[in-house]
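Each ligand, and each atom within it, is numbered from 1 in the order the structure gives.
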Amino acid sequence: MKKTLFICQQCGYTSPKWLGRCPNCGGWNTFAEEKTEKKTGNVFRTKNVFPLPITQIDTVCLPRLKTNLTELDRVLGGGIVPGSVILIGGPPGIGKSTLTLQLLSHLATQGLNVLYVSGEESAVQIKLRAERLNIENEHLFVLTENELENILEAINSLKVKAVVVDSIQTIFTSTLSSAPGSVSQVREVTGLLVQLAKKQDVTLFIVGHVTKEGAIAGPRLLEHMVDTVLYFEGERDHPYRILRAVKNRFGSTNEVGIFEMQERGLVEVRNPSELFLSERPLDAPGSVVVPILEGTRPLLIELQALVSPSFLAMPRRTSLGIDPYRVTLLVAILEKRLGLNLGGQDIFLNVAGGIKVSEPAADLGIALAITSSLFNKVVAPEWVFLGEVGLTGEVRAITQAEVRLIEAEKMGFKKCILPKGNVKHLKRLFLKAVGVNRLEEAFEIVFG
Ligand code: TYD
Ligand code: MG
């Protein structure tokens, strides 16, 4: 039965007629016409299936394949579960093709046949990248193809253990007439690939492009179809990349892996704090160090503020890596509670290294960085700061203070200001931890 449907390319909402605005996600002009074909088939299974009592199910520990990229293995929950389907999403140019080619080559060096399918690049381009990455292995196969049926055939005939499909938006099945990259194509192609992976115990990596807003026909729609969803993030102009698990049926979603894009591919960053602090000026006003958490991992980052008199009627508030609303809020608190005059000042904030900070635990650090630059007073380099700042200027307790303090200690910091609420729960004495209840107390200690 042939049916024409209009599908929102952002969220997958379907409508029998064209709509200017999607009632589900609110996107404008996002509907595209897609012809779908319903298969009519027998609703009864042809095979006998036997449900098992849960007590009779064997829990043989799932053997995992190690990629030898420890950052990646950790994000996956300790390696790849054979037969699992892993979606790797990220903006164009971030390094998805590089990462997947590197991980396949690691599997190939273990003697496993692996296949890299590209719908975007020619075999020569892939070979050039491989040369750059110093990859040469006869177990690594390359296929440049856009039609799903041919890809399935190749997977079947090669008896491969792992396949990368780069990217899902470029692959189409000839059973649907809509264009590659459209919602119905992406869904159908993924569905068929997943079926094959499960049936043949092939590990499947699906690469998907995500735009800056994070919503396009692709990764978001596929999250429920796959076992694991990893997002590759980072600023294009910075070399650091964060691989984050947002869904994992075989592990925790709190893990992140940190990589650096170098001349010869992605290199793991074993000690990120050291890296992010390596260029820190020790005697510059406006620079403050904060131990944040990336997943379960503590990470020391440098916050920088620049406050200077403004010549504009509306002074500028610019922040990179920090939510601008959070900054506006903290500026208002500083003005009201501490009587600082920031109304006539331009305020610029930056997180060094292109990292994003979304935790409220960084509030105290942000407030101190702004004040440090305003007063032109250096914050002594042995300090780190933790604490969420409330609207009345109170410093509120934050989560997992201990892991953050251990990391700060490891990196050689000597003193820490943190919420009183956290100090009483500390199991042992870390650094020189000073508990405060209010913003004023912290300022007294640092600048007093
Ligand atoms: P790529 O993996 O092609 O990104 P994606 O598949 O996510 O679109 O990588 C893109 C960038 O990485 C490109 O601008 C070049 C850079 N790069 C390096 O810096 N070093 C390398 O060894 C490689 C292979 C790429
Ligand atoms: Mg690519």
Side-chain angles (χ1 to χ4, degrees), residues 67-69 71-72 75-76 86-109 114-137 140-146 148 151 162-172 180-181 185-186 189-190 193 204-220 222-223 226 228-246 256-269 272 275 353-354 356:
T67 61
N68 288 333
L69 287 165
E71 292 287 307
L72 175 66
V75 176
L76 289 170
I86 299 149
L87 175 68
I88 299 181
I94 200 82
K96 299 178 297 299
S97 304
T98 309
L99 179 73
T100 45
L101 197 60
Q102 281 183 281
L103 85 89
L104 278 191
S105 96
H106 279 292
L107 293 176
T109 48
V114 294
L115 174 65
Y116 181 85
V117 181
S118 179
E120 297 186 346
E121 292 165 309
S122 68
V124 176
Q125 276 174 309
I126 298 165
K127 174 74 184 168
L128 285 173
R129 179 181 288 124
E131 273 173 0
R132 192 170 172 185
L133 299 171
N134 215 354
I135 291 172
E136 181 120 59
N137 194 308
L140 172 59
F141 292 83
V142 172
L143 175 70
T144 52
E145 179 60 61
N146 296 88
L148 180 75
I151 296 170
V163 180
V164 166
V165 177
D166 185 6
S167 66
I168 194 70
Q169 278 100 349
T170 57
I171 312 294
F172 68 94
Q185 279 287 1
V186 167
V189 168
T190 308
L193 280 168
L204 177 66
F205 292 87
I206 298 175
V207 174
H209 293 295
V210 186
T211 54
K212 264 261 179 287
E213 294 75 39
I216 49 154
R220 284 285 138 90
L222 304 179
E223 285 183 354
V226 300
T228 303
V229 180
L230 307 180
Y231 277 99
F232 211 23
E233 310 171 348
E235 294 294 321
R236 229 169 144 163
D237 308 326
H238 287 277
Y240 311 114
R241 304 280 180 268
I242 293 186
L243 189 66
R244 201 184 293 279
V246 293
V256 293
I258 301 176
F259 295 88
E260 185 180 353
M261 181 63 98
Q262 293 187 354
E263 206 30 55
R264 294 190 161 268
L266 290 156
V267 177
E268 302 169 73
V269 176
L275 193 77
K356 283 198 181 60

With the Mg ion (ligand 2) as the centre, enumerate protein N/O/S atoms below 2.8 Å in chain and residue order.
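Atoms qualifying: Ser97 OG.
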
Could you tell me which non-hydrogen atom of Asn68 sits nearest to which non-hydrogen atom of His106, and how far apart they are?
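For Asn68 versus His106, the nearest heavy atoms are CB-ND1, 3.9 Å.
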
Between Ala162 and Leu107, which heavy-atom pair has the shortest distance, and what is it?
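The pair with the smallest heavy-atom distance is CB-CD1, 3.8 Å.
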
Could you walk me through whether Leu243 and Val256 pass side chain to side chain contact (heavy atoms under 4.5 Å, CB included), step by step?
CA-CA 5 Å; Leu243 189 66; Val256 293; over 6 Å; no

Pairing donors with acceptors under 3.5 angstrom, does anything connect the side chains of Asn137 and Ser105?
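Their side chains do not contain a donor-acceptor pair, so the 3.5 Å distance test is not met.
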
Any Phe259 side-chain heavy atom under 4.5 Å of Leu99 side chain:
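Yes, their side chains come closer than 4.5 Å.
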
Answer yes when Glu136 and Lys127 have at least one side-chain N-carboxylate O distance shorter than 4.0 Å, and no when they do not.
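Answer for the salt bridge query: yes.
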
What I want to find out is whether Lys356 reaches Glu233 closely enough, with some N-O distance under 4.0 Å, to be called a salt bridge.
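So Lys356 does not pair with Glu233 through a salt bridge.
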
Out of curiosity, Leu101 CG to Leu140 CG, how far, rounded to the nearest 0.5 Å?
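Between atom CG of Leu101 and atom CG of Leu140 there are 6.0 Å.
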
Leu87 side, atom CG; Thr228 side, atom OG1 - distance, nearest 0.5 Å:
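Here the rounded value is 9.5 Å.
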
Can you list every protein residue that has a heavy atom under 4.0 Å from any atom of ligand 1, sorted by chain and residue number?
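Close residues (ligand 1, cut-off 4.0 Å): Pro91, Pro92, Gly93, Ile94, Gly95, Lys96, Ser97, Thr98, Arg129, Arg132, Leu133, Met261, Gln262, Glu263, Arg264, Gly265.
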
